[in-house]
Every structure is written in C-alpha cells, then in structure tokens.
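Both backbone and side-chain heavy atoms feed into the values below; hydrogens, waters and symmetry mates do not. Protein chains get the first letters and strands the later ones, always in sequence-line order, with residue 1 at the start of each.
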Amino acid sequence: MQTTNFQPQPVTRQQLLDKLNTQQQDAVSLGWGPALVVAGAGSGKTTVLTRRVAWLLSELRQPPYSVMAVTFTNKAAAQMKSRVESLLGEGVAKRLTIGTFHSICARILRREISAYESAEGFKWKSNFVIYDETDTLNVVKGVVSKLNLDEKVFAPKEMRHSISALKNDGLNAHQYSQEARNYRDQRLSEIFTNYQSELARNNALDFDDLIALFNDLMEQNEEVRRRVHDQYRHLLVDEFQDTNKAQYRFIRLLSFDENPQDEGMRRQRWENRSLMVVGDVDQSIYSWRKADFRIILGFQNDFKEAAVVKLEENYRSTATILQVANSIIINNSERLEKTLRCNRGEGGKVRCYGASDEIDEAFFVVDELKRLGARSLRLSDCCILYRTNAQSRAIEEVLVRSGIPYVMVGGTRFYDRAEIKDVIAYMKLVYNPDDGIGFQRVVNNPRRGLGKTTLERVAEYAAQNNLSQIDAASQATAISDVSPKAAKTLIDFANSVRRWQTMSGVMSVAALLELVLRESTYLAALEKDAAESKDEVVLGRIDNVRELVVVAQEFEQSADEPTLESFLTRISLVSDLDSADMNQDSIKLMTLHSAKGLEFPTVFMLGLEEGLFPHIRSLNSPSALEEERRLMYVGVTRAEDRLYLTYSRRRSTYGETSYTIPSRFLSEINGEYLQGFQADPESAFRAESGSKSYASGGSYAPPQERGRPARSGYEEYSEERHGRLGGGKNDVLQQKPKPRVLSRRPGGEGAEEQSSVKPVANFQRLCVGDNVMHAKFGVGKVSQVIGEGDKELYNVEFQTAGKRLLDPRFAKLVKLD
DNA sequence: CTCCCGCAGGTTTTT
DNA sequence: CCTGCGGGAG
C-alpha cells in the first residue's frame with residue numbers, strides 16, 4: 001500500500017492512520033500503558049501491529065532500540081520487519097528488536113548469561129549451544145541410565161516431554177524438587193535436576209531454557225533486570241492466545257518490576273512504557289506446547305488499566321467462507337462469543353470432494369488447479385493444507401507427476417538430516433568445545449576406529465572429573481582401559497578441534513566450514529562411500545553438505561553480524577518454514593499449524609476424516625477436540641476467495657490401508673454454503689453429539705443412553721458403512737484401542753498426559769446452572785464452564801453485575817443451593 | 001571394532 | 001513405512 005521505501009523522513013500521522021477503520025485507528029494511536037487487542041481472523045492485525053510500531057517511533061518519539069515485538073515464528077518476524085521497513089526505512093527497522101520469544105531470549109542471554117546461577121549452582125558461559133530434540137533426548141537417556149532407572153518405567157521420551165512441560169509452566173528444577181510428592185514425581189525431579197546439570201556441563205541449553213533461564217535471571221539479578229528494563233520500554237506480542245506461562249512471565253517481567261497497588265504509582269510506572277498484546281481465542285492451537293488461552297482471557301484482570309480494542313471486521317474472506325468458519329466454531333463451548341463482520345461480497349460456495357483414496361484426492365486438487373489455471377489463476381495464490389506432515393507424500397507425488405511446481409513449507413527439515421546434523425555438530429563443537437553430545441556424535445564420524453567401549457570410558461572419565469569430554473579426550477592416556485592407539489586418535493581429534501577453534505577467530509564461517517569438512521575428512525569419507533556403493537542416497541548427502549556450504553556463504557552476505565555464533569544460533573532456531581520463498585510461482589504445501597497468520601486466495605484443505613482431522617489423539621478429550629475445531633477454523637479463515645475441503649474414504653497409513661469416514665467438521669457446516677457434501681442425517685457427528693466420547697474402545701463401552709447399543713457412535717457408523725467392505729484387520733476400529741493402552745501408566749490412574757506433573761488446584765467445582773455468591777458481584781448463576789480439570793473457568797451471570805468470566809482459583813465463589 | 005541383519009516401535013501439530 | 005537399536009558374526 002505504502003510506497004515510502006527508504007524515505008528518511010518519518011511518516012505522517014495521516015499516513016499511519018490511512019485506510020484504517022475506527023477500531024484499528026484506536027489501537028494504532030494508543031498512548032502509554034497496557035492494551036489488549038482482540039483481533040479476529042483477517043481483521044488486519046499485522047497492519048495494526050506494524051503501524052503501531054511506526055506510531056511509537058514517529059508520533060510518540062520513541063527510539064527504535066526501545067521497541068521489542070514478539071512473534072511466534074521467525075517468518076512472522078521477518079514479515080513484520082519488512083513491513084516496518086517499508087514504512088520507516090531500512091535503517092530504523094534494523095534497530096528494532098523483532099523476533100520470536102526464543103530468538104530474543106537467546107540474544108539477550110548471549111550477553112547476560114554469565115551472571116546467572118541456578119539454585120543448584122549450575123552455570124553457563126556465553127558461548128552456549130542450543131540442543132535440539134534429539135540432543136536433549138540423548139541427554140535424558142544418559143541421565144536415566146546413570147540414575148539406574150528402568151527405561152521402561154521412566155521412558156526417556158516421556159521424561160523429556162514432562163521436563164519441557166514443567167519449564168513451559170514456569171517451573172525450574174529446583175522449584176519442582178520442592179513440589180514433587182509421589183515416587184514417580186520425585187524420580188522425575190531427580191532426572192530434571194540431573195538433566196540441567198548435564199546441560200550446564202555441556203554448556204548447552206534446550207529450547208525451553210532460553211525463556212526459562214532468561215526469566216530466572218531477570219528475577220534473580222537486579223542489574224540485568226534494570227538493563228533490560230531500561231532498554232525495552234515498548235513490548236508488542238502477536239498471537240497472544242498461544243502464549244504459555246513461561247512466555248507470559250517473560251512479558252510481565254519486561255513490563256514491570258513489581259505490581260504496585262497504588263493507582264498513582266501504577267500510572268507513573270507506565271509513563272513512556274507500553275505493552276500491546278494481540279490475539280484471538282478462537283485461533284489458539286498450541287495447547288500441546290502448553291499454550292494456555294486462559295492467559296488472554298485473564299489479561300484484563302492482571303492488567304486492570306489495560307485498554308481494550310476489538311477488531312471485528314474481516315477484510316480477508318468472502319461472506320460464504322466466513323459463514324462456514326462461523327458454523328464450525330460455534331460448536332465450541334470453550335469460547336467467548338464474538339462476531340466477525342464481513343467486508344466483502346458473498347463469493348462462491350465452498351466445494352467438498354469425497355475421494356476414494358489419497359491419490360484420487362491429490363488428483364482432484366491437480367485437476368482443479370489446471371481448471372483454475374486456465375482461468376489465469378496464479379499457482380502462488382494457492383495453498384494446500386493438511387493436518388499431519390505425513391499427508392504431504394501423496395500430494396507431492398501427484399504434483400511431481402503432473403509437473404506442477406510446489407514448495408513444501410516445514411516437513412522434514414533440511415537441518416534435521418543426519419549429514420547436516422553431523423556437520424553442524426562439528427561446528428558447534430568448535431564454537432563450544434564443552435558440547436559433549438556433539439563430541440559423541442562426531443568423534444568417530446567418519447570412522448576413526450573408536451568403539452563404543454572407548455567412548456563410554458571417555459564420557460565416564462569426563463563425568464567423574466567434571467571435565468568436558470574434549471578435555472577428557474586430551475587426557476586419554478590417563479584413562480584406564482583405553483588402548484594406546486585409541487588414546488592417540490582421541491588426542492589428535494581434540495587437537496584438531498582446538499586448532500579449528502583458533503582458526504574460527506580469523507576465518508569466515510563458510511571458510512571455516514570448508515576447512516573442517518576437509519580436515520575432518522568427513523566429506524572425503526562420504527565421497528568414498530558414494531564411489532564404492534554408487535548409492536543415490538549417499539550422493540544426495542554430498543549434495544546436502546555442499547548445500548550447507550552455500551547456506552553459510554549466503555549467510556555471510558546477508559547477515560548483520562556474520563559470526564559463527566549468530567550462524568549457529570540461527571540454524572538452531574530457524575526452520576525451513578522461515579526461509580521458504582512465498583513469492584515464487586509455485587503452490588505451497590504446509591500443515592495447518594504452519595499456515596497460521598498466512599492468507600491465500602485459494603485454499604485446499606485435505607484429509608477431513610474422523611481420526612485424522614480431528615486427529616485420533618483428540619477424540620477422547622473434549623477440550624482437545626475443541627482445539628482441533630479451532631485448527632479447522634484457522635484453516636478455513638486462511639482462504640480469501642475459494643475454499644476446497646476434501647476427504648478420502650480410504651487412506652494408507654503405515655503402509656496399511658484403513659477405511660475412514662468424513663470428518664464431523666464437514667457435518668457442522670451449514671449445508672447451504674457447501675457444495676458436494678451431504679451430511680448424513682443418521683450421522684453421529686452432528687453438533688449435539690460432538691462432545692461425547694467416541695473413543696471408548698472395543699465392545700467394553702458402557703451402554704449409552706437413548707437405547708443405543710453398547711458401542712460408540714463412531715463404531716456404529718463406521719461399521720454400517722464399511723464393515724462389509726473393508727472387513728476385519730484393516731479397519732480403523734481394530735487399531736483404536738492400541739494408543740489408549742500405550743498412554744496408560746503403570747499404577748497411574750491419570751489417563752491425562754501430564755496429570756502427575758501439575759499441582760492440583762483446590763477450588764469449588766461448579767456446573768452450568770449452579771447458583772453462586774461472590775463477595776463483590778453478589779448472587780449469580782453459572783452460564784458456562786470453560787476448560788477442564790484444574791483449568792476450569794466459569795462464566796457467571798450476576799443479577800446486578802452482569803456477565804463475568806471468573807477463575808475459581810482466584811475469585812471466591814460460594815455455591816448456593 | 002565394524003558391519004549387517006532383524007525387530008520393535010512410533011507419526012499431530014513446532015520454537 | 002522408515003528409523004533406530006541390539007545382537008551376533010567376522
């Protein structure tokens with residue numbers, strides 16, 4: 001819209017408010033203090049955020065370095081940067097802090113981490129490395145075996161997941177150790193503490209630590225707090241509905257030191273400071289990462305002086321698409337009513353296609369693309385969305401065969417490939433020689449004749465003497481039971497790493513990478529393999545490694561700071577998602593989660609089948625199911641003009657074929673907006689039954705009300721439809737009970753994943769219709785229960801004070817009878 | 001110590 | 001289906 005590129009002058013007030021509606025203008029032109037912007041899908045929140053940043057700089061005269069904007073993906077950050085750039089010029093945009101929680105915290109920790117010390121005395125150095133999923137899993141495995149715990153009972157993956165959940169809930173190892181009550185939790189606590197100790201010894205952090213340690217550091221160190229506080233005076237947070245407790249703590253820590261009770265002090269505190277959070281409860285889709293939409297619901301309670309702006313005008317989609325979105329989301333009970341006003345014409349009906357299998361489904365998409373292409377639709381205006389990454393295979397195959405260019409966003413990441421991880425591990429080790437996981441990964445890769453036992457001895461020796469593994473390797477002759485030959489290899493290796501480390505001070509990243517590839521003989525070994533086996537896979541690996549060199553070269557050209565440090569941080573935190581070129585003339589493929597925040601004229605949503613979308617893992621939890629529905633809502637509202645929904649009657653998973661039935665979400669759509677799908681009137685999946693459990697497996701299910709047979713609606717329907725067709729083994733139903741068994745813990749009654757982790761909140765549980773008494777609001781009636789378990793919230797209609805959303809853990813509600 | 005084979009187990013979504 | 005791992009042979 002604006003063509004003020006590189007214009008040195010600040011934009012005018014009028015330009016910043018140009019073409020905005022009243023609410024948008026209100027949001028952009030707010031003064032100091034906290035603000036909540038409730039922004040429905042397609043309501044122009046990115047525009048509001050970027051103009052708000054510009055407003056802070058040009059109207060409120062704030063220096064660029066004082067502004068921090070947090071987004072959920074690096075891509076969103078890049079997008080915001082470039083939009084601010086086009087408003088204010090490149091020079092200004094560069095001095096803003098725009099990024100994800102993780103990348104911003106990483107940047108600050110690089111500077112400040114040496115001031116940190118955990119309650120247990122764990123410390124880190126500024127050249128820490130960031131461990132990914134595999135690295136951390138290896139650490140947990142090591143800890144579990146060191147503690148002599150049974151891997152069956154304390155499955156490393158589960159432990160790793162629990163630790164992550166704890167960190168995201170804002171608990172560190174020390175705090176959790178005070179809380180762990182039963183046997184299992186105490187062992188978990190032990191694992192947690194040892195895990196942190198191992199990370200510290202390796203001078204490594206995991207993803208969650210980036211935020212958690214930053215928070216702890218801010219709390220424990222006044223100097224750091226002051227420095228951060230003095231610099232960042234304006235915080236903007238996008239996708240606020242998806243923040244978790246740790247991230248919220250970050251936001252609060254940045255916004256104020258403590259919470260003064262006095263009104264005047266509070267006003268003073270916000271002088272020259274601001275906080276703007278932007279979100280939409282209906283688009284909360286990351287609860288599995290411990291995002292908690294109660295945070296956005298409770299924001300006004302935490303920040304009583306917060307201004308609230310609602311953006312309810314949708315500029316993106318046709319009326320029909322919005323109706324479809326609405327007819328789906330109204331089936332959720334965990335939400336606050338909201339109306340999105342449409343700003344566009346009616347548009348065509350949403351089209352549904354029932355395919356016979358996933359190949360047929362893919363061909364339908366391709367045929368439609370061709371048809372639309374004939375009407376001069378650009379490929380880059382189209383997007384294919386699916387629930388799981390695995391679904392991309394079929395569609396990719398057909399696209400390739402049809403010669404249609406596509407870009408897959410996300411999926412198997414380039415940086416996840418074994419050879420890339422090897423090479424990165426070398427570089428990380430050069431940057432941070434304490435990195436023991438990296439050491440173990442590369443010390444015998446390529447083969448240097450070091451065996452399992454030798455490497456175990458090294459790790460043991462290092463642990464016993466509190467050394468890094470590379471230092472242990474240097475002293476290999478002192479380790480008992482290591483052969484002289486192996487010792488020499490170890491010493492040579494350690495010396496090489498040290499030499500590369502010295503070189504890293506005087507070489508560019510790409511040059512260093514090439515040096516390491518050469519001297520480690522990693523590349524030579526790959527080439528030898530390839531020459532011997534003529535294996536295409538190995539050839540591909542060589543290409544990938546070469547590609548990484550190109551990535552490093554490009555990085556040197558484009559980065560502000562082309563250091564090894566920023567290269568490694570970037571690689572650890574950036575996914576393919578962020579680098580995908582969205583402008584290329586090719587169709588985009590991505591998961592629904594990756595599509596958040598994007599929009600496309602034409603959208604295809606694939607795999608609308610029970611068990612896939614909604615996903616099978618969500619079928620036995622009402623609130624998980626509602627998250628699936630929000631995901632559906634997000635998908636539908638990505639579309640501007642044209643939307644296709646497809647399902648397939650047959651689908652192969654694991655190489656086995658199963659028969660499926662159309663997603664309940666299709667049945668929820670008002671038929672007048674949908675073409676090509678007839679909701680079965682006998683279907684068990686209409687809105688009413690939506691919250692019932694369909695996963696009560698096998699024939700053990702208790703008899704249901706209304707004279708249903710002793711089988712769930714899911715089975716009943718499926719069998720009626722496919723029982724005779726697919727028959728026995730391959731039927732979805734047969735596989736159903738399996739995941740339930742797996743999720744059950746020995747001795748644990750909790751079917752819910754993290755039930756043993758969380759402290760259980762104590763409060764009076766209420767149901768819809770209960771009459772209650774509140775000290776301030778008087779007598780009222782519960783009109784809605786939001787959330788479940790210890791996360792319950794109550795919407796209470798008071799006789800005098802109107803409707804209020806209350807958190808029973810804070811609000812004193814007395815039940816009347 | 002390395003290589004190779006067979007088997008089990010796991011796939012939701014991502015920073 | 002595809003990966004990672006353990007066990008056994010060379």
Next item on the list: Could you state the atom-to-atom distance from CG of A:Leu450 to P of B:dC3 in whole Å?
Entry: 13 Å

Check: Salt bridge between A:Glu627 and A:Arg630, side-chain N to carboxylate O under 4.0 Å?
Finding: yes

Check: Which is true for A:Glu133 with a 4.0 Å heavy-atom rule: it touches a base, it touches only sugar-phosphate, or it touches nothing?
Finding: base

Check: Over how many whole Å does the gap from A:Arg629 atom CZ to B:dT13 atom C1' extend?
Finding: 18 Å

Notebook entry, point to check: Do the side chain of A:Arg617 and the base of B:dT12 come within less than 3.5 angstrom through a donor-acceptor pair of N or O atoms?
Noted result: no

Next item on the list: May I have the distance from A:Glu239 (atom CD) to B:dT15 (atom C1'), rounded to whole angstrom?
Entry: 14 Å

Checklist line | Base of B:dT12 and ring of A:His615 stacked, centres under 5.5 Å, planes under 30° | finding: yes

Check: Expressed in angstrom and rounded to an integer, what is the separation of A:Leu205 atom CG from B:dT15 atom P?
Finding: 18 Å

Next item on the list: Please work out if A:Thr454 contacts a base, only the sugar-phosphate, or nothing of the nucleic acid, heavy-atom cut-off 4.0 Å.
Entry: sugar-phosphate

Notebook entry, point to check: Can we say A:Asp492 and A:Arg448 salt-bridge, meaning some charged N sits less than 4.0 Å from an Asp/Glu carboxylate O?
Noted result: no

Note to self: Please confirm whether the shortest side-chain N or O distance from A:Thr73 to OP1 or OP2 of B:dT14 is below 4.0 Å.
What the structure shows: no

Check: Whole Å only: how far is the CD1 atom of A:Ile571 from the P atom of B:dT15?
Finding: 15 Å

Check: From B:dT15, B:dT14, B:dT2, pick the nucleotide closest to the side chain of A:Phe207?
Finding: B:dT15

Are there any protein N/O atoms within less than 3.5 Å of an N/O atom in nucleotides 6-9 of chain B, and if so, which ones and at what distance?
none

Check: Hey, is A:Asp135 close enough to A:Lys428 for a salt bridge, meaning N to O under 4.0 Å?
Finding: yes

Next item on the list: Measure the distance from CZ on A:Phe250 to P on B:dT15 and round it to the nearest whole Å.
Entry: 17 Å

Margin query: Here's a test of your reading of the structure: between A:Arg448 and A:Ala390, which maps to the more 5' nucleotide of DNA chain B?
Written below: A:Arg448

Checklist line | Pair A:Asp132 + A:Lys421: basic N to acidic O under 4.0 Å | finding: yes

Item checked: A:Glu358 versus A:Ser648, side-chain donor and acceptor atoms under 3.5 Å -> no

Note to self: Does a side-chain N or O of A:Asn74 approach OP1 or OP2 of B:dT14 to a distance below 4.0 Å, or not?
What the structure shows: no

Notebook entry, point to check: Can the positive tip of A:Lys588 be found less than 6.0 Å from the middle of the six-membered ring of A:Phe600, inside 45° of the ring normal?
Noted result: no

Next item on the list: Select base, sugar-phosphate, or nothing to describe what A:Phe613 touches, counting heavy atoms under 4.0 Å on all strands.
Entry: nothing

Next item on the list: Answer with base, sugar-phosphate or nothing: what part of the nucleic acid does A:Leu612 contact at a heavy-atom distance below 4.0 Å?
Entry: nothing

Check: Is any side-chain N of the basic residue among A:Glu626 and A:Arg335 closer than 4.0 Å to the acidic one's carboxylate O?
Finding: no

Margin query: Whether A:Asn389 contacts B:dT12 is assessed here as follows: a side-chain N or O lying under 4.0 Å from the phosphate OP1 or OP2. Is that the case?
Written below: no

Check: Which part of the nucleic acid does A:Asn168 contact within heavy-atom distance under 4.0 Å: base, sugar-phosphate only, or nothing?
Finding: nothing

Check: Considering the options A:Arg664, A:Arg650, A:Arg651, which one meets the salt bridge (charged side-chain N to carboxylate O under 4.0 Å, His left out) requirement together with A:Glu609?
Finding: A:Arg651

Note to self: Between P on B:dT15 and CG on A:Asp208, what's the gap in Å once rounded to a whole number?
What the structure shows: 13 Å

Check: Taking atom P of B:dT14 as reference, at what distance in whole Å does atom CD of A:Gln247 sit?
Finding: 16 Å

Next item on the list: Mind checking salt bridge (charged side-chain N to carboxylate O under 4.0 Å, His left out) for A:Lys81 and listing every partner two or more places apart, or none if nothing turns up?
Entry: none

Notebook entry, point to check: Considering heavy-atom distances to DNA chain B, does A:Asn444 or A:His593 have its closest nucleotide positioned more toward the 5' end?
Noted result: A:Asn444

Next item on the list: Give A:Lys157 one of three labels, base, sugar-phosphate or nothing, depending on what nucleic acid heavy atoms sit under 4.0 Å from its own.
Entry: sugar-phosphate

Check: Contact class for A:Arg393 vs. all strands (heavy atom < 4.0 Å): base, sugar-phosphate, or nothing?
Finding: sugar-phosphate

Notebook entry, point to check: Are A:Glu397 and A:Arg393 within salt-bridge range, i.e. N to O under 4.0 Å?
Noted result: no

Margin query: If the cut-off is 4.0 Å, is A:Ser618 near the phosphate of B:dT12, judged by side-chain N/O to OP1 or OP2?
Written below: no

Check: Quick one: do A:Glu628 and A:Arg387 make a salt bridge, cutoff under 4.0 Å?
Finding: yes

Next item on the list: Establish whether the base of B:dT12 is bridged to the side chain of A:Trp288 by a donor-acceptor pair shorter than 3.5 Å.
Entry: no

Next item on the list: Using a 4.0 Å heavy-atom cut-off across all strands, classify A:Phe101 as base, sugar-phosphate, or nothing.
Entry: nothing

Checklist line | side-chain N/O A:Ser572 vs B:dT15 OP1/OP2, d < 4.0 Å | finding: no

Provide a list of protein-nucleic acid N or O atom pairs under 3.5 angstrom, restricted to nucleotides 5-9 of chain C.
{"residue": "C:dC5", "atom": "OP1", "partner": "A:Lys141", "partner atom": "NZ", "Å": "3.2"}

